[in-house]
Amino acid sequence: MAKIKPSIPQGTRDFGPQVMRKRNYIMQTIRETFQVFGFQPLETPAMEQLDTLTGKYGDEGDQLMFKILNNGETLNKAATPIAASIQENTPLTRSVRLFSEKALRYDLTIPFARFVAMNQNELAMPFKRYQMQPVWRADKPQRGRYREFYQCDADVVGSNSLLNEIELLLIYDTVFEKLGLHGHELRVNNRKILSGLAEIAGRPDLLTDITVAIDKLDKIGIAKVKEELQQRGLGETEINVIENFLHIDGSNSEKLAQLSALLKNSPTGMKGIEEISFVLNAGLAKFSSTPILDVTLARGLNYYTGMIIEVKAPASVAIGSIGGGGRYDDLTGLFGLPGISGVGISFGVDRIYDVLEQLVLFPEAAQQSTKVLFLHLGEASIQTAFPLMMQLRRKGIPAELFHEASKMDKQLKYADKRSIPYIVILGDSELAENKVSIKNLNTREQQTVTLEDFELFAFE
RNA sequence: GUGGUUGUAGCUCAGUUGGUUAGAGCAUUAGAUUGUGGUUCUAAGGGUCGGGGGUUCGAGCCCCCUCAUCCACCCCA
């Protein structure tokens, strides 16, 4: 067999043991939190029918979708009409379908909507689910951007209650509290406020252009935003209205008062203000990091219709957004189940990883694997060692036995390399006395104890 | 999709205006060491110099094509 240079596809990653342990720590923290908030687990297949996904993410989304090549007979059958159309020089409509009928999932939201539509009669509404799985995009990879990455989503469908918004904000607050993160910001806004702004400015038709432009405010500054608005077709007086809006500042209640004055003639805008002030002022729970009203928060996804949320990493790490979400109406309408409103959030695991790494917030426990290594010092030694090792494992202490009777030097080097803190030595002298030697490799202290004391020994 | 960067040992990288048999560190394996590691020393293995073509007496180095990679933009998570 020819030797090939091993490699992995562009934009994909291996996660080695040390990285996986830290990733698991993040994912477990998120999962536990989802569960205590009453969310239920869901997994959907890596691939979906092509029809389920196409047209849901815009033209660009269709381009970035990984399509799966049909196999065997199906592909062979496709060859005939393709050959015919080439010969007759006629365009082959829906040619993609002949090659591919499936695609890798592009996000978790559409498969979730599909699942809800398929199982509408069995599900207890409102349906609260969480889902943590990889998604794939045929994007050109670059820093912090991959072709395969994980999304961790929690959504509630079938309820218009704003209590859901509050609960989701509390999930963020709880997770980041548990991860020991401080200095992050929970920013909220409401799409209806932005709609109201477009109305007041006299350009409800350009809502998307307006949101795209003001979303860039903290990146490019007010002058450039105005420039962009002009390029997108807004007049001077219209831009002035938006500029006034962008200058809204102060505490949450001050901002709400200014908004009310500005948007008083827009029923949609006033509805948005009402919603957001309920969410911010309900006073049902204490936040360790109080949500901040940010009227310039827009978020690109234009299916949002109510509250929008974004979590910003602490300013000290310059990583930006580590999560986001919002409310969307009629998500399942495309699958024949209209009138179902949903609200959801998403955690950016890769970025949270980078934040915790930079701030050195991973606990020691998330980084350790095996705690105790039993040295292999010959047949007689392992006869005693093996049951003792199993005893530790039953107590939940990760333990292993060296695989062969190598030189002690080599076994110790293995322990060192694996960062195993304790070794257990059962050599001829220990066996003769019915004792066990335990060495702490960090402190280099060694003690010899009886079998009874070994049972009580705390490996910490 | 647009622009740029870099491809030399398992990894990180040297390699002069083109000149004999392409180097170093780390890692691996073995030994110095018959029950105590992280240090040190010695030795060994490991390369189609990303691939193809061209210029030349001669190419890791120059030219063309191609593939991969990373970075920035667009967009997004």
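A note on names: the letters A, B, ... follow the listed sequences, proteins ahead of strands, and every chain is numbered from 1.
Side-chain nitrogen and oxygen atoms of Q10(A) include none within less than 4.0 Å of the OP1 or OP2 phosphate oxygen of A68(B). Side-chain nitrogen and oxygen atoms of Q142(A) include none within less than 4.0 Å of the OP1 or OP2 phosphate oxygen of C71(B). Regarding contacts with the backbone of A77(B), every side-chain N or O of R145(A) stays at 4.0 angstrom or more from both OP1 and OP2.
Atom P of nucleotide U36(B) and atom CZ of F374(A) are separated by 20 Å, given to the nearest angstrom. Summarising the geometry, the separation between CG on D139(A) and C1' on A77(B) is reported as 10 Å, rounded to the nearest angstrom. We find that OH of Y57(A) is positioned 11 Å from P of A77(B), with the value rounded to whole Å. Atom CG of N442(A) and atom P of G38(B) are 15 Å apart (whole Å). In this structure, K140(A) atom NZ and C67(B) atom C1' are separated by 14 Å, rounded to whole Å. The distance between atom CZ of F66(A) and atom C1' of C76(B), rounded to the nearest whole Å, is 15 Å. As rounded to whole Å, 9 Å separates atom C1' of C75(B) from atom NZ of K216(A). As rounded to whole Å, 10 Å separates atom P of G31(B) from atom CG of D409(A).
As rounded to the nearest Å, A44(B) and A27(B) have C1' atoms that lie 14 Å from one another. Nucleotides U17(B) and G58(B) place their C1' atoms 15 Å apart, quoted to the nearest Å. Distance noted for atom C1' between G47(B) and U21(B): 14 Å (whole Å). The same atom, P, is picked in C70(B) and in U8(B); the two are 14 Å apart, to the nearest Å. With both ends at atom C1', the span from A72(B) to U5(B) equals 10 Å, rounded to whole Å. One C1' atom belongs to U16(B), the other to G60(B), and the distance between them is 13 Å to the nearest Å. The separation of G45(B) from U36(B), taken at their C1' atoms, amounts to 30 Å, rounded to a whole angstrom. Annotation: G18(B) and C64(B) have their P atoms spaced 16 Å apart (nearest Å).
Comparing A72(B), A77(B), G38(B) by their nearest atom to the side chain of R143(A) picks out A72(B). You'll find that the side chain of R351(A) is closest to A77(B), out of G37(B), A77(B), G3(B). Set against C76(B), G37(B), G35(B), the side chain of R444(A) has G37(B) as its closest nucleotide. Candidate nucleotides G35(B), C76(B), U33(B) were compared by shortest atom distance to the side chain of K407(A), and U33(B) ranks first. Checked against U28(B), U2(B), C75(B), the side chain of K417(A) finds its nearest nucleotide in U28(B).
Between K56(A) and E48(A) there is no salt bridge, since no side-chain N of the basic residue sits under 4.0 Å from a carboxylate O of the acidic one. Salt bridge absent: E275(A) and R327(A) never bring a charged side-chain N and a carboxylate O closer than 4.0 Å.
The one candidate from V225(A), L229(A), I222(A) that meets the side-chain contact (heavy atoms from CB on, under 4.5 Å) condition with E243(A) is I222(A). Across T305(A), T332(A), D330(A), D329(A), a single residue satisfies side chain to side chain donor-acceptor pair (under 3.5 Å) together with S341(A), and that is D329(A).
Counting atom types as modelled, E430(A) pairs a side-chain N or O with a base atom of G35(B) as donor and acceptor under 3.5 Å. Side chain S437(A) to base G35(B): no donor-acceptor pair is found below 3.5 Å. For U29(B), the base has no donor-acceptor partner in the side chain of K410(A) [N/O atoms by modelled type, under 3.5 angstrom].
Rounded to the nearest 0.5 Å, atoms CD (E430(A)) and OG1 (T450(A)) are 13.0 Å apart.
Residue-level contact check: Y146(A) touches the bases, meaning some heavy atom is under 4.0 Å from a base atom. If you check every strand for non-hydrogen atoms under 4.0 Å, E148(A) touches nothing. Looking at heavy-atom distances under 4.0 Å, G144(A) makes contact with a base. No contact: G348(A) has no heavy atom under 4.0 Å from any strand. Residue contacts shown for I425(A) include a base, since a base heavy atom lies under 4.0 Å away.
Ranked by how close their nearest RNA chain B nucleotide is to the 5' end, L64(A) and D416(A) are led by D416(A). Sequence order on RNA chain B of the closest nucleotides to S346(A) and D428(A) puts D428(A) first from the 5' end.
D173(A) and S288(A) share a side-chain donor-acceptor pair at under 3.5 Å. Counted by atom type alone, Y304(A) and N189(A) present zero donor-acceptor pairs between their side chains at under 3.5 Å.
Taking the six-membered ring where the residue is Trp, Y414(A) and F402(A) present perpendicular rings, their angle passing 60° and hence far from 30°.
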